[in-house]
Amino acid sequence: MWYLQHKRDLPWRNTKDPYRIWLSEIMLQQTRVAQGLPYYERFLKAFPTIKELATTSEDKILKLWQGLGYYSRARNLYATANYIWNERNGKFPSNYKELLTLKGVGDYTASAIASICYDEKQAVVDGNVYRVLSRVFGISTPINSTAGIKEFKSLAQLLIDGRQPGTYNQAIMEFGARHCTPQNPDCGSCIFSDRCIALKKDMVGQLPVKIKKLKIKKRYFNYIVILSEEGKTVLKQRTKKGIWQQLYEFPLVETEAEVDEIELKEIQTFNEVSEGYNIESLVLYNEASVVHKLSHQHLYTRFWIATLSEENQKNGNRIENEIPIARVRDYAVPVLIENFISDFSVFKI
DNA sequence: AAGCCGGGGTT
DNA sequence: AACCCAGGCTT
């Protein structure tokens, strides 16, 4: 069998422990194995069982998750760990239907856990499976349409081997990831070359079909990096809807376009941010905006260094979010902020 | 049904 | 610059 010869030796392949499988599957949602692997190792070391994960803090989980993206996964991970530990005596649901009720667990993840841990015949349909099935069977139904989602799940369910559903699921995903790749698949040495409809019809490059997607928004961020003479700065936690929920960042002034110092000081948000501080100097750190690219928006970002005067300390003006600069690294921050801190630290701090 | 949610690798 | 990754939730 192809899988047994070509499979990668990955840590979650040596266990049927639902905790480990669940953790790996959540981490690998929309994430490459190579990117998720080091996070998986660190999480397992920090939280060997669901008990440790459930009894830590959300901040600690987010800090360990930092850089992996899609942070709602980390928040749902924590919520689910607490639910299982406190409401279910630490015992995972043991079938597909109950697994589906867990936060952050959809059809794919429930199928993966049920098939791998409990030998339940539930076919996974991830990006790899969509690609392999659409090509081999020559299916042009858009994979991200309601009809496509149903059609591919049904087909996958027909094909799955009921004797080793977990192995079957991992095999077809591995095949998609390693052989039937998005670009330049090696059709010449493919085990399905005798029956692949896409190959026969020369449609490999056009399958799978995906419905067109979103346009990218531009946003303009101005971060106010407050530096007191005591070596403190200010971080705020993002609590609203949108990107980076629950992560920390410097006080943010978002504008409609790039602004200079004069314009920045006229923005109401800036005045709210700086209220209570005696800012001695405001210096633009990066003349050229840092362009941080997310999948759906580009963030044109400038950092402004706001140095506080000595008078500021004497007045005892204080805010609850003041943090020694050395402690900034304890907080979960977006990669955009982390990159700035690394760059800034080279000659400062 | 459509939009939103990250960061990084590949081409 | 476009595409995609062991998807799921919200509107």
Side-chain angles (χ1 to χ4, degrees), chain A residues 3 7-8 10-13 21-40 62 65-77 79-80 99-113 115-116 123-132 142-150 152-153 156 166 168-178 180-185 205-217 219 238 240-247 291-299 332-339:
Chain A
Y3 178 58
K7 76 173 184 177
R8 293 166 285 184
L10 301 170
W12 47 85
R13 284 190 170 149
I21 299 299
W22 166 69
L23 179 62
S24 71
E25 295 299 346
I26 299 296
M27 281 189 166
L28 293 175
Q29 289 170 2
Q30 291 291 287
T31 304
R32 290 172 195 280
V33 168
Q35 186 185 3
L37 185 53
Y39 284 85
Y40 177 80
L62 283 169
W65 197 274
Q66 180 181 309
L68 196 55
Y70 285 144
Y71 297 94
S72 66
R73 292 183 294 170
R75 301 194 302 271
N76 286 333
L77 191 78
T80 294
L99 285 163
L100 263 183
T101 67
L102 301 177
K103 280 187 182 177
V105 175
D107 186 273
Y108 164 78
T109 305
S111 300
I113 299 172
S115 64
I116 295 170
V124 297
V125 186
D126 74 332
N128 294 305
V129 177
Y130 279 123
R131 189 167 55 252
V132 172
I143 60 173
N144 54 346
S145 66
T146 303
I149 292 168
K150 284 179 60 180
F152 283 98
K153 173 75 180 185
Y168 170 87
N169 278 334
Q170 296 186 76
I172 188 170
M173 289 191 286
E174 188 80 341
F175 180 75
R178 308 260 290 177
C180 194
T181 51
Q183 286 100 15
N184 307 320
Q206 297 152 48
L207 292 175
V209 174
K210 213 168 184 175
I211 295 173
K212 291 300 179 187
K213 65 161 190 301
L214 53 295
K215 59 178 225 176
I216 293 171
K217 270 191 229 166
R219 300 175 72 181
R238 292 180 70 94
K240 298 175 186 170
K241 295 290 181 189
I243 59 173
W244 301 332
Q245 208 178 333
Q246 303 306 112
L247 270 65
V291 186
H292 188 70
K293 297 179 177 180
L294 307 181
S295 55
H296 51 296
Q297 44 188 301
H298 288 181
L299 310 177
V333 300
V335 165
L336 172 63
I337 301 293
E338 182 69 26
N339 288 345

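Atoms considered below: every heavy atom in the structure, side chains included; atoms not considered: hydrogens, waters and symmetry mates. Sequence lines set the chain letters: A, B, ... in the order given, protein chains first and strands last, and positions in each chain run from 1.
Among the nucleotides dA1(C), dG6(B), dT11(B), the one closest to any side-chain atom of N184(A) is dT11(B). If you check dG7(B), dC5(C), dG6(B) against the side chain of R131(A), the one that comes closest is dC5(C). Counting only heavy atoms from C-beta on, H296(A) has its side chain closest to dC5(B) among dC5(B), dG7(B), dG8(C).
Annotation: dT11(C) and dG6(B) have their P atoms spaced 15 Å apart (nearest Å). Nucleotides dC5(B) and dA6(C) place their P atoms 23 Å apart, quoted to the nearest Å.
Counting all heavy atoms, side chain and backbone alike, L62(A) lies closest to A74(A) at CD2-CB, 3.8 Å. When every heavy atom of R32(A) is checked against every heavy atom of L28(A), the shortest pair comes out as O-CD2, 4.1 Å.
Between Q183(A) and E174(A), the one whose closest nucleotide on DNA chain C sits nearer the 5' end is Q183(A). For the pair Q245(A) and I211(A), nearest-nucleotide mapping onto DNA chain B gives the more 5' position to I211(A). The residue among A147(A) and V333(A) whose nearest nucleotide of DNA chain B is located toward the 5' end is A147(A). Mapped onto DNA chain C by nearest heavy atom, V125(A) and I216(A) fall at different nucleotides, with I216(A) at the one closer to the 5' end.
Checking R75(A) against Q245(A) by side-chain atom types alone, a donor-acceptor pair falls below 3.5 Å.
Here P182(A) pairs with R131(A) under the side chain to side chain contact (heavy atoms under 4.5 Å, CB included) rule; sequence neighbours left out.
Atom CE in M173(A) sits roughly 19 Å away from atom P in dC4(C) (whole-Å rounding). Rounded to a whole Å, the CG atom of N128(A) is 6 Å from the C1' atom of dA6(C). Taking atom NZ of residue K215(A) and atom C1' of nucleotide dC4(B), one finds them 15 Å apart after rounding to whole Å. Spacing between atom CD of Q246(A) and atom C1' of dC5(B) amounts to 14 Å, rounded to whole angstrom units. Atoms CG (L294(A)) and P (dG6(B)) sit 7 Å apart, rounded to a whole Å. Atom P of nucleotide dC4(C) and atom CG of L207(A) are separated by 12 Å, given to the nearest angstrom. Between the P atom of dG7(B) and the CD atom of Q66(A) lies a distance of 9 Å, rounded to the nearest Å. The distance from atom CZ of R75(A) to atom P of dG8(C) is 16 Å, rounded to the nearest whole Å.
Proximity of residues 30-37 of chain A to DNA chain B (heavy atom under 4.0 angstrom from any strand atom) is restricted to Q30(A), T31(A), R32(A), Q35(A).
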**Prompt:** Can you list the steps and then say if I116(A) with N169(A) is a side chain to side chain contact (heavy atoms under 4.5 Å, CB included)?
**Reply:** CA-CA 8 Å; I116(A) 295 170; N169(A) 278 334; 5.7 Å; no
**Request:** Take E25(A) and Y108(A) through the test side-chain hydrogen bond (donor to acceptor under 3.5 Å, both in side chains) and record every step on the way to the result.
**Result:** CA-CA 9 Å; E25(A) 295 299 346; Y108(A) 164 78; 2.6 Å; yes
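Although no hydrogens or angles enter the test, the distance criterion places no donor-acceptor pair under 3.5 Å between the side chain of Q297(A) and the main chain of K217(A). Remark: the backbone N or O of M27(A) is paired with a side-chain donor or acceptor of R73(A) at under 3.5 angstrom.
A 4.5 Å side-chain heavy-atom check between I243(A) and L294(A) finds at least one atom pair inside the cut-off.
Phosphate proximity of dG7(B) to Y71(A): present, with a side-chain N or O under 4.0 Å from OP1 or OP2. Contact annotation: W244(A) side-chain N/O to dG7(B) OP1/OP2 distance is under 4.0 Å.
Residue contacts shown for W12(A) include a base, since a base heavy atom lies under 4.0 Å away. Counting any heavy atom pair closer than 4.0 Å across all strands shown, T109(A) reaches sugar-phosphate atoms only and no base atom. Counting any heavy atom pair closer than 4.0 Å across all strands shown, Q297(A) reaches sugar-phosphate atoms only and no base atom. Using a 4.0 Å heavy-atom distance criterion, N169(A) is classed as making no nucleic acid contact. Residue contacts shown for I26(A) are absent, as no nucleic acid heavy atom lies under 4.0 Å away.
Ring planes of F152(A) and Y130(A): perpendicular class, angle over 60° (limits at 30 and 60°).
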Distances for protein N or O near nucleotides 9-11 of chain C N or O, under 3.5 Å:
| unit_1 | atom_1 | unit_2 | atom_2 | d |
| --- | --- | --- | --- | --- |
| dC9(C) | OP1 | G104(A) | N | 2.9 |

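Side chain R13(A) to base dA6(C): a donor-acceptor pair is found below 3.5 Å.
Other residues, nucleotides and ligands contribute only 12 or fewer heavy atoms inside 6.0 Å of the NZ atom of K103(A).
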